[in-house]
Amino acid sequence: MLEESFSELEQARLKKLRALEAAGIDPYPTRSEQTHTSQVAIDAFVNAEAQTEARPIQVTAAGRIRSLRLMGKLAFAHIQDRDGGLQLFFRVNDLGEEKMAELTSFYDLGDFIQASGTMFRTKRGEVSLHVEDFKMLAKTLRPLPAAKDEVVDGEIIRHATLSDPETRYRQRYVDLAVNTEVQEIFKTRSATIRALQKFLDDRDFIEVETPILQPIYGGAAAQPFITHHNQLHQDLYLRISFELYLKRLLVGGLERVYEIGRDFRNEGVSYKHNPEFTQLEFYWAYADYLMVMALAEEMVAFAAEKVLGTTIVTFNGNEINLAPPWKRVELRQGILEAAGIDINEHPTAESLQMAMEARQIKHKPGSTRGKLIDTLIGDFLEPNFIQPTFLYNYPRDISPLAKSKPGDPMVVERFEGFIGGMELCNAFSELNDPLDQEQRFIEMDRAYADDDEEQHPMDDDFLNALSYGMPPAGGFGIGVDRLVMLFTGRRSIREVILFPHLRTQDSEA
RNA sequence: GGGCGUGUAGCUCAAUGGUAGAGCAGUGGCCUUUUAAGCCAUUGGUUCAGAGUUCGAGUCUCUGCACGCUCACCA
């Protein structure tokens with residue numbers, strides 16, 4: 001029972017709720033009204049103020065009570081609505097003893113109120129609503145964490161705010177209600193996705209949706225979640241990427257497609273990894289990875305400009321400029337300069353491993369050549385790519401869906417984009433030769449035969465699709481959560497996901 | 001999964017192994033232009049859970065749980 005979990009504070013509120021009902025007031029009325037948001041009301045008043053013979057601005061505002069200052073026959077409150085806050089001014093002369101008592105005896109911080117009246121300016125200069133009538137819209141039984149805002153020189157200083165990360169993520173509704181700057185993160189997130197969509201829509205891409213429940217997973221090297229369809233007696237995987245389905249659409253003649261959605265990877269959780277995360281992938285017929293590179297930097301800069309009004313962001317203490325062109329580093333050259341190893345001189349895993357050991361570089365024993373190169377990237381390059389950087393020309397054996405570089409069988413036309421020391425995107429000239437693709441699947445199978453984590457299952461229907469002919473194309477994937485981290489300057493992916501994954505608790509407080 | 005750290009009132013935090021406290025919030029008063037409103041009074045605790053050491057544990061030990069940081073794997 002909810003009521004049994006109530007603290008003393010909550011019991012006090014419950015008593016007020018009962019008292020409201022006893023007074024014939026519905027604490028949760030069905031109808032409500034909001035003629036102006038706080039900002040619209042304030043703007044309207046400020047406008048009218050500038051004119052001579054302005055008519056009074058009649059407003060019905062609605063929102064959550066964030067502060068309440070009772071002063072006997074006077075009262076001030078601030079309510080919070082979707083675009084800000086508004087001060088309410090109550091006076092017994094206007095409301096009468098009975099109505100005033102309703103406010104003082106039944107209302108608490110956190111309650112939703114609807115208030116009507118005219119806009120005015122207080123002696124201290126704050127544009128406020130002079131309340132003529134008000135009603136309870138929703139009684140709050142649990143107290144919101146007490147937070148008070150102090151304005152010093154225009155800066156808002158928040159006292160004793162809710163800061164425990166566990167409570168903030170587990171009860172995000174409280175976090176959002178109390179820490180309004182958290183709302184801004186998710187407004188930015190929403191705007192970012194809209195901007196990415198607009199950018200691609202304007203270039204004739206169509207947005208599609210492909211299966212999340214898949215009989216065969218693929219398109220990335222990751223462990224999947226497994227689920228089960230009861231009626232069909234069939235195990236299914238939650239997708240780890242969109243790639244193989246989107247390429248089927250290229251076969252079908254949809255030349256420019258993209259999808260924004262959720263991927264699921266059954267792996268470790270960290271400040272940049274959540275088990276489910278949002279990805280954008282696009283596939284572009286008659287393009288190659290160099291064209292994709294140019295489009296990608298343009299897209300990110302467009303989104304930044306549209307959402308933030310600038311291409312300059314601050315992340316982890318670094319000022320980062322997202323404006324194109326981004327730095328381009330050829331992988332072989334990059335590793336040579338950073339680690340002093342020329343990977344071309346080490347065509348086998350054994351040789352490369354020896355070169356790394358000679359330099360005391362840690363690595364997983366038994367790795368493939370590509371994996372070793374990946375280790376070098378992670379150790380020597382990725383952390384140093386603070387400004388946007390494309391690293392291009394990847395080893396073939398860790399890129400089973402990318403097309404080989406003409407004249408260089410060990411290398412594929414693939415690039416990854418890094419910003420703030422973090423991998424942000426991955427792209428390549430898409431392999432469209434069904435026979436080569438089959439060969440790659442077989443190679444992966446052989447190379448990782450002993451390693452369940454790296455299984456890359458053969459997708460026969462995908463090969464079948466390629467056999468019907470897929471136009472040459474460039475493909476691209478970007479982690480939307482990480483992009484939002486950059487745009488909002490948040491160092492943890494949990495800050496930009498509304499309900500990040502947490503372990504379950506036995507007893508919820 | 002490994003290492004380090006944290007867990008005390010609704011929130012933010014104190015408390016040499018010796019009576020668990022403060023501010024805000026709450027409750028009762030006073031207050032007709034306040035804005036971290038103010039003044040007076042006051043309530044509120046399974047100190048994450050369990051076991052142990054001790055005359056005595058919020059504090060020390062062990063186990064478990066959750067969260068954070070970090071390493072490994074991945075995006």
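Naming convention: chains lettered A, B, ... in sequence-line order (proteins, then strands); numbering from 1 in each chain.
- When the side-chain nitrogen and oxygen atoms of A:R491 are compared with OP1 and OP2 of B:U70, one or more of them lie within a distance under 4.0 Å.
- A:F277 qualifies as a stacking partner of the B:A75 base, centre to centre under 5.5 Å and near-parallel within 30°.
- For the segment residues 411-426 of chain A, the set of residues with a heavy atom within less than 4.0 Å of an atom of RNA chain B comprises A:E423, in numerical order.
- For B:U34, the base has a donor-acceptor partner in the side chain of A:Q87 [N/O atoms by modelled type, under 3.5 angstrom].
- Distance A:D94 CG to B:U32 P: 14 Å, rounded to the nearest Å.
- Heavy atoms of A:S163 sit under 4.0 angstrom from primed sugar atoms or phosphate atoms, though from no base atom.
- No engagement by A:K15 is indicated, since no non-hydrogen atom pair under 4.0 Å with the nucleic acid exists.
- B:U6: Watson-Crick or G-U partner is B:A66, with both key distances under 3.5 Å.
- For the pair A:R328 and A:F390, the cation does not sit on the ring face, since its NZ or CZ is not both under 6.0 Å from the ring centre and inside 45° of the axis.
- Residue order along RNA chain B, read from the 5' end via each residue's closest nucleotide, puts A:R13 first among A:R13 and A:G268.
- For A:N93 and B:U32, a side-chain-to-base donor-acceptor distance below 3.5 Å is present, hydrogens and geometry of angles not being considered.
- Side chains of A:Q39 and A:D43: a donor-acceptor N/O pair is present below 3.5 angstrom, by distance only.
- Phosphate proximity of B:C11 to A:R142: absent, as no side-chain N or O sits under 4.0 Å from OP1 or OP2.
- Taking 4.0 angstrom as the limit, A:R91 places none of its side-chain polar atoms (N or O) nearer than this to OP1 or OP2 of B:U32.
- Residues A:K272 and A:R494 each lie close to RNA chain B; by heavy-atom proximity, the contact nearer the 5' end of the strand is made by A:R494.
- A sub-4.0 Å separation between OP1 or OP2 of B:U34 and a side-chain N or O of A:R124 is present.
- Residue contacts for A:E10: at a heavy-atom cut-off of 4.0 Å it reaches no nucleic acid atom on any strand shown.
- For B:U34, its base sits under 3.5 Å from the side chain of A:T122 at one donor and acceptor pair at least.
- Relative to the ring axis of A:F277, A:R262 does not place its NZ or CZ within 45° and under 6.0 Å from the centre.
- In a base pair of the Watson-Crick type (N1 to N3 plus N6-O4 or O6-N4) or a G-U wobble (N1-O2 and O6-N3), with each distance short of 3.5 Å, B:U34 is matched with no nucleotide.
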Between A:Y245 and A:E243, does the side-chain hydrogen bond (donor to acceptor under 3.5 Å, both in side chains) criterion hold? Intermediate values first, please.
CA-CA 6 Å; A:Y245 279 95; A:E243 174 150 3; over 6 Å; no
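- Listed for the A:E10 side chain is no donor-acceptor partner under 3.5 Å among the backbone atoms of A:R142.
- The side chain of A:R503 contributes an N or O atom lying less than 4.0 Å from OP1 or OP2 of B:C67.
- In a base pair of the Watson-Crick type (N1 to N3 plus N6-O4 or O6-N4) or a G-U wobble (N1-O2 and O6-N3), with each distance short of 3.5 Å, B:U42 is matched with B:G26.
- Screening residues 76-95 of chain A for salt bridge (charged side-chain N to carboxylate O under 4.0 Å, His left out), with sequence neighbours left out, gives A:R91-A:D94.
- Across all strands shown, A:N274 has heavy atoms under 4.0 Å from base atoms, whether or not it also approaches the sugar-phosphate.
- A heavy-atom distance below 4.0 Å to RNA chain B is reached by these residues of residues 480-488 of chain A, ordered by number: A:R482.
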